[in-house]
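What follows is a set of notes on a single structure, which appears directly below.
Protein chains get the first letters and strands the later ones, always in sequence-line order, with residue 1 at the start of each. Since this is a predicted model, take the numbers as computed values, not measurements.
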Protein chains: 2
Amino acid sequence: MPKGIRLTEEEQANRRHEIFHKVVKVFLKKGFHETSMREIAEQAGIGKSTLYDYFKTKDEILLYFFEDQLNDLTEAAQRIALQNIPADERLRRVMKTHMEFLQANKSSFMKLSLEAQRLKLESQNELQKKRHTYQDLIRGLVGEGIREGTFRKVDPLLAARMLINTLLPVVFTSRPTGTAQEMMEETMDIFFKGIEVCE
Amino acid sequence: MPKGIRLTEEEQANRRHEIFHKVVKVFLKKGFHETSMREIAEQAGIGKSTLYDYFKTKDEILLYFFEDQLNDLTEAAQRIALQNIPADERLRRVMKTHMEFLQANKSSFMKLSLEAQRLKLESQNELQKKRHTYQDLIRGLVGEGIREGTFRKVDPLLAARMLINTLLPVVFTSRPTGTAQEMMEETMDIFFKGIEVCE
DNA sequence: GTCTGAAAGCGACTGCTGTTCGCTTTTATT
DNA sequence: AATAAAAGCGAACAGCAGTCGCTTTCAGAC
């Protein structure tokens, strides 16, 4: 904010957060791609080119959101992954947190995820990288479950991807067949039955 | 092509096909969104505004591709669905065809699917509608499988969506853990184990 | 045979976009 | 008081999808 002095890294980060917080409402209301940089700057109460001092491109503004969210999600999952209980139970808990998280942020997460699909390919690769950290965590749990003998010998990464990718569409579907909660539980049920060792 | 005479509906359709065929190479080479309407018209050997006589918007050019492909896929699936064998076997065969189809058109389908994600929301809804026909076919097979007693009582639409949505990322993943064929088979395996009646 | 209306085709033009540039304002330091 | 550097800005830029008014062409009416 002050003009002549250099901002510290932290101040810059705070300012980015502050700016994003001010403009996210507009994204939710009229859509990210339908909001021009002029409007974004207006909403943030700053000049158009000042915006570029905090976000290198327009896409980066939206990426900022997912960076934040994925950090939270990964942290929560990491805490669960360290618990001293069977891997399959930890996996269930992580996915439960995942579902709760999706539901809590449903409206904004859903809308912005749809918008994120429309980012430039380059930006989507950035996003993908951020997702990998989380995906690897799930993969680890599946791997542990296999070693513990609760899961069949499936490819852990494939299973992890399958799990994450089946849950997202549940929240986003245009033809729901029940509450999100119900659909999520059934999806998880099918998945776990699919990888569990047959008794 | 002829200037003064009115084109029949069929001629118009042929011309659309012809134009698309001429320009799709450019989409595959430098990307749909990176190709401007000027370039597309150039490649098609027609004027820019003539292009608009055959496709109402730029998005519609890409939608045309999926309309075609989905028609083929749905037809093939319909033929299988009518065979006189158990539903679970028919479902396996449909998905096998689906996989073969994805692999045969892999490079173009993959690239253009990624591009399709970036279409305007309105255009994506169009695409979604076209997908529903196919989704409903799968749903029907799952439903039959349940009635025949091979599948557990799962929600057929949810299962259908889950199935389709798990196969696509297999082809598109940036971190493959085997050949597409292997990954697809393992995915199918997990899914079928997940919905089969336990023996 | 020629006239005419309507369709096919076209490139200049429009209004908008994300991004850049050159400039002003502010302030900590010398 | 002078300086340098950072923060902030709106005008300007290049490029885009889509539109408009015009030209060219020809089937059918007379």
Residues passing the side-chain hydrogen bond (donor to acceptor under 3.5 Å, both in side chains) test with B:His33, sequence neighbours excluded, are none
Quick note, ring-ring contact (aromatic ring centres under 6.0 Å, His included) partners involving residues 138-165 of chain B, not counting sequence neighbours, are none
Sequence neighbours excluded, the answer for side-chain hydrogen bond (donor to acceptor under 3.5 Å, both in side chains) partners of B:Lys153 is none
The side-chain hydrogen bond (donor to acceptor under 3.5 Å, both in side chains) partners of B:Ser36 (sequence neighbours excluded) come to B:Glu39
To the nearest angstrom, the CG-P distance between B:Asp53 and D:dG18 comes to 14 Å
Contacts satisfying salt bridge (Lys or Arg N to Asp or Glu O under 4.0 Å) that involve residues 77-92 of chain B (not counting sequence neighbours) are B:Glu89-B:Arg93, B:Arg90-B:Glu144, B:Arg90-B:Glu148, B:Arg92-B:Glu196
When rounded to whole Å, the CD1 to P distance for the pair A:Ile46 and D:dG10 reads 11 Å
Here the distance between atom P of D:dG15 and atom CD1 of B:Ile40, to the nearest Å, is 17 Å
Protein heavy-atom contacts under 4.0 Å, written 5' to 3' over nucleotides 14-21 of chain C as B (base), S (sugar-phosphate only) or - (none), form the string ---SSBBB
*asked:* Tell me whether A:Arg118 contacts the main-chain N or O of B:Leu119 through its side chain, where contact means a donor paired with an acceptor under 3.5 Å.
replied: yes
Rounded to 10°, the helix from C:dG1-D:dC30 to C:dT30-D:dA1 deviates from straight, judged by its five-pair end axes, by 20°
Ring pair (Phe, Tyr, Trp, His ring centres under 6.0 Å) filter on B:Phe27, not counting sequence neighbours, yields B:Phe32
A:Leu51 CG to D:dA7 P, in whole Å, measures 15 Å
note: B:Gln12, atom CD; C:dA8, atom P; distance rounded to Å ~ 6 Å
In whole angstroms, the gap separating P of D:dT19 from CZ of B:Phe55 amounts to 16 Å
With sequence neighbours left out, the residues meeting side-chain hydrogen bond (donor to acceptor under 3.5 Å, both in side chains) with A:Ser123 are A:Asp59
